[in-house]
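Have a look at the structure below before the remarks.
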Amino acid sequence: MESRKFAIVVLLAGTVAACGGETFRWTGTITDSAGVTIVSNPAHGIWTEADRWTVEEELRIGVQEGDPEYQFGQVLGVTTDSRGRIFVLDGQAKQVRVFSPEGTYEQTVGGPGDGPGELANPGFDPVMSAGDTLVVHDRRGRRVNLYAPDGSSAGSYRVPQQERLTWRYKATRSGVIAEQVVSSPRAEAENPMDAIVIRGTDGTITDTLMRFPSSQRIAFSEETRFVVTVYHPEPAWALTDDMELLFGVNDEYRIRIYSSAGVLERIITKPWERRPVTDRDTDVLTNLVTAGWIREGAPPEMIQQVLNRWRFHDFLPAFQTLESGPAGTVWVQHVQPPSEMSEGEVSSLNLWWNEDEASAPEWDVFDSEGHYLGVVTMPRMFTPKMFRGDKIYGVWRDEFDVQYVVRLRIVGDLGVEAT
């Protein structure tokens, strides 16, 4: 059947009242192409100053000095269980610490080692499976550890050597776990492909949600030495609690939404300015990373060897990453050009600990139909790790390089119950 394409100019997709009786209308366009809804947004959202969403801190866990249970070395991820307890994976301590919903320390799960329930080299975000089973990836030995709700070891499984490495985990509120399995940078295939899969707690892949070309951010030269291209286009994805898949490659501002059956249903676009990577951008970022390595005691010759393998893409990405928010909203993170950071912002960054600190605190928010609402600004030095209901869990670092686990609350008319 021949594809049909037509445009409908939407005069009023959403109207909000502003002070003084003024109203704002959504004036983008909706295009239907062979059953796929394409939502083309204007550059400005429909939120007014009075009704735009904001975030406020409601919980902070961590201390600079004092009780060691509240001191973090390197927070790799945060998740919660059905009771609202907070699970914090500390890569330096090689353990998961469990806190009450109010932030009180309860217990420690795991610990350094290669034995049952121990973590030799934890990596990636921890996730909560069905029945409040905690799932933690241990990169050494390609092992995934499982923990029962009481913190005891519930076994583990090993990822077979022939399978590719896992890059990212996401879990729904019901405990369905999706992961991105990436091709090795040394893959000999002419067109290496990544996959987003559903894996059970026995290690079995039960479904493949999507396949897409692998990122070329890390590649190998003819001499087999890796080369990293900073700002190279990367795929980004998120999974909603309804099993919808959000997906985009950040060389364009185009977010695809797939149904739980894997059918492309909607595409969200928004105007953006393609900006070249300037010499100032490369200088600032290179100096930041070098300073972090020096602080950690890396020898100058090692630093130079790594920098010799750095390349920079010609253009900045259209966006940094994306997340699934409350009430079916889609959140898309802005990109922060290093050249536009203030001296204070640059001096406070520590990319050795977390390269995401160089990302912008601003996020575009779209409603469940794809209409652009406006921007939510998160705190500086805060890296979101998980959205859950009207809460955002993440890591914040102070000027003394002390890390804290922070829970933000989204303030506004969300149309969802607080969770």
Side-chain angles (χ1 to χ4, degrees), residues 5-19 22-33 36-55 233 235-242 244-259 264-275 315-337 359-378 384 387 389-390 392 408 410-416:
K5 186 174 184 180
F6 59 92
I8 304 173
V9 178
V10 179
L11 297 178
L12 181 58
T15 304
V16 289
C19 297
E22 183 182 7
T23 59
F24 286 78
R25 299 174 183 269
W26 186 84
T27 56
T29 62
I30 295 179
T31 302
D32 183 290
S33 178
V36 178
T37 301
I38 302 176
V39 185
S40 301
N41 283 279
H44 300 286
I46 61 176
W47 276 338
T48 66
E49 185 63 28
D51 59 19
R52 68 183 181 89
W53 291 0
T54 59
V55 293
W237 62 275
L239 189 68
T240 74
D241 287 332
D242 295 328
E244 290 184 326
L245 181 66
L246 315 179
F247 180 84
V249 179
N250 60 11
D251 59 346
E252 60 179 350
Y253 204 120
R254 191 176 182 87
I255 312 302
R256 299 168 176 83
I257 302 179
Y258 295 83
S259 71
L264 177 60
E265 294 187 331
R266 183 177 294 109
I267 297 175
I268 302 172
T269 70
K270 177 178 170 288
W272 65 284
E273 177 188 359
R274 172 170 259 190
R275 303 184 60 175
F315 297 96
L316 293 168
F319 60 90
Q320 188 71 30
T321 189
L322 54 89
E323 293 287 350
S324 170
T329 52
V330 177
W331 293 54
V332 182
Q333 188 178 24
H334 291 196
V335 172
Q336 173 70 73
S359 302
E362 295 85 13
W363 292 69
D364 288 335
V365 182
F366 302 85
D367 69 15
S368 59
E369 299 300 316
H371 308 121
Y372 181 42
L373 299 176
V375 174
V376 171
T377 302
M378 297 191 191
F387 284 59
D390 66 341
I392 304 172
L408 304 178
I410 303 172
V411 180
D413 184 9
L414 276 61
V416 295

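For this chain, numbers begin at 1 and follow the sequence in order.
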Distance, nearest 0.5 Å, that separates CG of Leu264 from CD1 of Ile257: 9.0 Å

Residue pair Asp364, His334: steps toward the side chain to side chain donor-acceptor pair (under 3.5 Å) verdict: CA-CA 7 Å; Asp364 288 335; His334 291 196; 2.7 Å; yes

Minimum side-chain heavy-atom gap Ser368-Thr329 below 4.5 Å: no

Close side-chain approach of Gln320 and Asn250, heavy atoms under 4.5 Å: no

Atom pair CH2/CZ of Trp363 and Phe319 - distance to nearest 0.5 Å: 10.5 Å

Beyond-backbone contact of Ser324 with Val330, side-chain heavy atoms, under 4.5 angstrom: no

Donor-acceptor pair, side chain of Gln333 and main chain of Ala360, under 3.5 angstrom: yes

Residue from Leu246, Thr321, Leu245 passing side chain to side chain contact (heavy atoms under 4.5 Å, CB included) with Trp237: Leu245

Ile410 side chain reached by Ile392 side chain, heavy atoms, under 4.5 Å: yes

4.5 Å side-chain heavy-atom contact, Pro317 and Asp251: no

Arg254 CZ to Thr269 OG1 distance, which is reported to the nearest 0.5 Å: 7.0 Å

Side chain to side chain, Arg25 and Ile46, heavy atoms closer than 4.5 Å: no

Spacing of CG belonging to Asp32 relative to OG1 belonging to Thr37, to within rounding of 0.5 Å: 5.5 Å

Heavy-atom closest contact (Phe387 atom, Gly325 atom, distance): CD2-CA, 4.1 Å

Asn41 and Ile268, any side-chain heavy atoms less than 4.5 Å apart: yes

Value rounded to 0.5 Å, distance of CD1 in Ile30 from CZ in Arg266: 8.5 Å

Ring pair (Phe, Tyr, Trp, His ring centres under 6.0 Å) partners for Tyr258, two or more places apart: none

Identified ring pair (Phe, Tyr, Trp, His ring centres under 6.0 Å) counterpart of Phe366 within the set Trp47, Trp26, Tyr372: Tyr372

Axial cation check for Phe247 ring with Arg256, 6.0 Å and 45° limits: no

Candidate pair Val376 and Trp331, rule side chain to side chain contact (heavy atoms under 4.5 Å, CB included), full reasoning: CA-CA 9 Å; Val376 171; Trp331 293 54; 3.8 Å; yes

Any residue meeting ring pair (Phe, Tyr, Trp, His ring centres under 6.0 Å) with Trp272, in chain and number order, not counting sequence neighbours: none

